2 protein chains.
Amino acid sequence: MRVTADDVAAKAGVSRSAVSRAFTKGASIQPDKRDHILAVANDLGYRPNMMARSLTGGATGLIAVVVGTISSPYESWFLEVLSQDIRSLGMWPLLVAVAPGQEIEPALDHALAYQVDGAVIAAGSVSRALVERCSAHGSPVVVIGRVLEGGGVDSVCCDNRAGMEMLVARLAATGRSHIAWIGGRLEAFSNVERYNGLTNALSARGLTLMGTRNGDYTVDSGMMQALALLTGPNPPDAIVCGNDAMAIGAISAARRLGLRVPEDVGICGFDDIPAASWEPFSLTTVANPVAETVQEALRLLTCRMADKTAPAEIVRLPPVFRQRLSM
Amino acid sequence: MRVTADDVAAKAGVSRSAVSRAFTKGASIQPDKRDHILAVANDLGYRPNMMARSLTGGATGLIAVVVGTISSPYESWFLEVLSQDIRSLGMWPLLVAVAPGQEIEPALDHALAYQVDGAVIAAGSVSRALVERCSAHGSPVVVIGRVLEGGGVDSVCCDNRAGMEMLVARLAATGRSHIAWIGGRLEAFSNVERYNGLTNALSARGLTLMGTRNGDYTVDSGMMQALALLTGPNPPDAIVCGNDAMAIGAISAARRLGLRVPEDVGICGFDDIPAASWEPFSLTTVANPVAETVQEALRLLTCRMADKTAPAEIVRLPPVFRQRLSM
DNA sequence: TACACAAATGAACGCGTGTTCATCAATTAC
DNA sequence: GTAATTGATGAACACGCGTTCATTTGTGTA
């Protein structure tokens, strides 16, 4: 049923070796013979079997892509850019979706059985043991959106501290004094960094956080936590959210309570997802440099595929302040 | 470097056949021996090489997933559900992202070289020739979101006509008379069906379409087209949009012009993406049954993988009317 | 024409696995 | 106690490909 190189060889009247060479760039074969073989192959609908090709130790052309909640605005945006860049490298993304509660290890272990040439991990909690297992398996790993302490692992991450400083500068410039924080999942690396970045930047200006609540990075959770903050005692005049989705929820919460944004309460987010610029929100935020992040991640990955002994790099990319109307 | 079954066999003191049997469910092997082998394998970090396993004609466990603009709210939602359901089948999604302008054929052709066990196509224009090429290759295909005329191809599709009738019923109930349409990409199957469904349902009630414009299914395009409609001569008192994203853009456009929704202009969409229920929009729409669609698609796919001669099915799933505040 | 050398070609090998095929031990049936 | 049956085991094979290794063909020089 499947058409193999033998079929092409038989129909073209050449040896199977010739067929293989016709598909191998730079192989020693007469040009007209190669053309003939390729024509026959195309006629028969033949394509070299990637599974067999990779068996001899060659590359599979597969890259495992570990992401979390695909439907979230930020992750889907990221996945789109990443999958396009992987394809422009001539490779294919093997999608490994890890929902917030799920374990990343068994999932990635399974994917490793496909002899992926590399893995991009942008979700879940990554242990050093996991990274080393992948490396030992011959699949270099790049971690995105977090930095493993102790180094030794290539990683690309937004400079969350710098981003928070930009937001706090705006906070100070607009004279906010009662500032609250709505964080994401407590264990998330970005959440920890952004929270610390915020408190540090605030204290550097003699400001303090008046309220703290935690959601789960969804719009709904942002709305709930903002409602709690704004209806509680001593309501804030500014809410800094751990990501844009929660900030959008917070804006909706403020409006439901009849508060004006930014006059009564300023609200800002983090990431600059597409929805942040939609008119009803016009969210002041800092842009997570997704395109550059993906580009750097794949650069690191290809470097390491070529030279496994190269020292690990940690790339910190600066975000860009986006002032809109919400603060 | 890579640990193979031979390594496990050597360390466990058994033949390589025994190792293979230990990993094959239902194979003839002593239970304690199997346990021992599995323990040694786990110790060495061994996993059967899927590439080699599939070489003998076995299944690869890969399913090609063809989607379009991943970052769009609807597609990312769909992809999340699909990828989870594929994994719960014990298989893996090979992501094939086809941007609106790109050709689906060469991309899918490449993916076929990985001997995928099946393909779910939810984007791009699908020709019968393409489907037959996949089938000939041993990879059954299920098409989602469109129906190939002439049948012969398994497909799952929302009943767009029924959805439009629901919306028109609401349209009539609220006494709208100047109705406009903002469509998506002209060549898109869903766009054609929804447009025809709308005009048919309108004429059945003695209504006609007063204006027609076309965007590209994005929020921005919905905003642009709605601005043009609402500032033109004889502005509509209702706008039906080809999807929710454009409807969200249309709501923003109306508000920018100082119009009240739904009092001055009613706006509705299609799909019921998560953002449709966000408070600033509260979009009246019809829910595209994504979970059921994915479920049916995978049911058809697994059926066809088991029996390639089964007759093709066309499944039409009814949408659900979601009345909110925008109309 | 004779020789050296490069280019092109086909046979054979190995990649890691599941499976078939004999072989052998252990049980059951008579 | 013997024959028949079952269950477990290891060797060998096939899967489809890239690549190496001889071997053959073609080209340029003396």
Side-chain angles (χ1 to χ4, degrees), chain A residues 1-38 40-41 44-62 90 110 112-117 137-139, chain B residues 1-38 40-41 44-62 90 110 112-117 137-139:
Chain A
M1 189 170 73
R2 304 199 282 205
V3 43
T4 74
D6 274 312
D7 302 331
V8 177
K11 180 149 183 190
V14 296
S15 72
R16 201 188 55 68
S17 303
V19 177
S20 179
R21 273 188 269 265
F23 280 91
T24 306
K25 215 171 104 177
S28 185
I29 186 174
Q30 274 193 340
D32 54 345
K33 188 173 216 170
R34 155 173 280 155
D35 292 344
H36 175 55
I37 292 176
L38 289 180
V40 172
L44 261 52
Y46 168 77
R47 265 188 178 281
N49 183 331
M50 288 302 291
M51 310 305 249
R53 171 182 286 186
S54 68
L55 202 54
T56 60
T60 56
L62 292 176
H110 254 94
L112 243 42
Y114 287 94
Q115 316 298 113
V116 292
D117 294 338
H137 207 278
S139 306
Chain B
M1 189 170 75
R2 304 199 284 205
V3 42
T4 75
D6 275 312
D7 302 329
V8 178
K11 179 149 183 191
V14 298
S15 72
R16 201 189 56 71
S17 303
V19 176
S20 178
R21 273 188 271 262
F23 280 90
T24 306
K25 216 172 102 174
S28 186
I29 186 174
Q30 275 193 337
D32 54 345
K33 189 172 213 167
R34 157 173 279 156
D35 293 343
H36 175 56
I37 293 176
L38 290 180
V40 171
L44 261 53
Y46 168 77
R47 265 187 178 282
N49 183 332
M50 290 302 290
M51 310 306 250
R53 172 182 284 185
S54 68
L55 200 55
T56 60
T60 56
L62 292 176
H110 253 94
L112 243 42
Y114 287 95
Q115 316 298 118
V116 293
D117 295 338
H137 208 279
S139 305

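A, B, ... follow the sequence lines: proteins, then strands. Residue 1 opens every chain. All values derive from a computational prediction rather than experimental measurement. All values below come from the heavy atoms of this structure, side chains included, with hydrogens, waters and symmetry mates left out.
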So CD1 of B/Ile37 and CD of B/Gln30: to nearest 0.5 Å the spacing works out to 10.5 Å
The residue among A/Asp6, A/Asp7, A/Thr4 that forms side-chain contact (heavy atoms from CB on, under 4.5 Å) with A/Arg16 is A/Asp6
Which side-chain N or O atoms in residues 21-29 of chain A pair as donor and acceptor under 3.5 Å with protein atoms at least two apart or in another chain?
from    : atom 1 : to      : atom 2 : distance (Å)
A/Thr24 : OG1    : A/Ser20 : O      : 2.8

Between side-chain atoms of residues 45-59 of chain B and protein atoms elsewhere (two or more places apart, or another chain), which donor-acceptor pairs fall under 3.5 Å?
from    : atom 1 : to       : atom 2 : distance (Å)
B/Arg47 : NE     : A/Asp109 : O      : 3.4
B/Asn49 : OD1    : B/Met51  : N      : 2.8
B/Asn49 : OD1    : B/Ala52  : N      : 3.3
B/Ser54 : OG     : B/Met50  : O      : 3.2
B/Ser54 : OG     : B/Met51  : O      : 3.0
B/Thr56 : OG1    : B/Arg53  : O      : 3.2

Closest non-hydrogen contact found for A/Val8 with A/Val3 is CG2-CG2, 4.4 Å
Could you check A/Ser139 against A/Asp117 for side chain to side chain contact (heavy atoms under 4.5 Å, CB included), going step by step and ending with a plain yes or no?
CA-CA 5 Å; A/Ser139 306; A/Asp117 294 338; over 6 Å; no
Taken to the nearest 0.5 Å, the spacing of B/Gln115 CD from B/Thr60 OG1 works out to 7.5 Å
Under a 4.0 Å heavy-atom criterion, the protein footprint on nucleotides 16-26 of chain D, written with B, S and -, is BBBBB------
Sorted by chain and number, sequence neighbours left out, side chain to side chain contact (heavy atoms under 4.5 Å, CB included) with B/Asp35 holds for none
Between its two end axes (five pairs each) the helix from C/dT1-D/dA30 to C/dC30-D/dG1 turns, nearest 10 degrees, through 40°
Sorted by chain and number, sequence neighbours left out, side-chain hydrogen bond (donor to acceptor under 3.5 Å, both in side chains) with A/Ser17 holds for none
Contact span of DNA chain C against chain A, any nucleotide atom under 4.0 Å from a heavy atom, 5' to 3', runs C/dA7 to C/dG16
By salt bridge (charged side-chain N to carboxylate O under 4.0 Å, His left out), B/Lys11 pairs with (sequence neighbours left out) B/Asp43
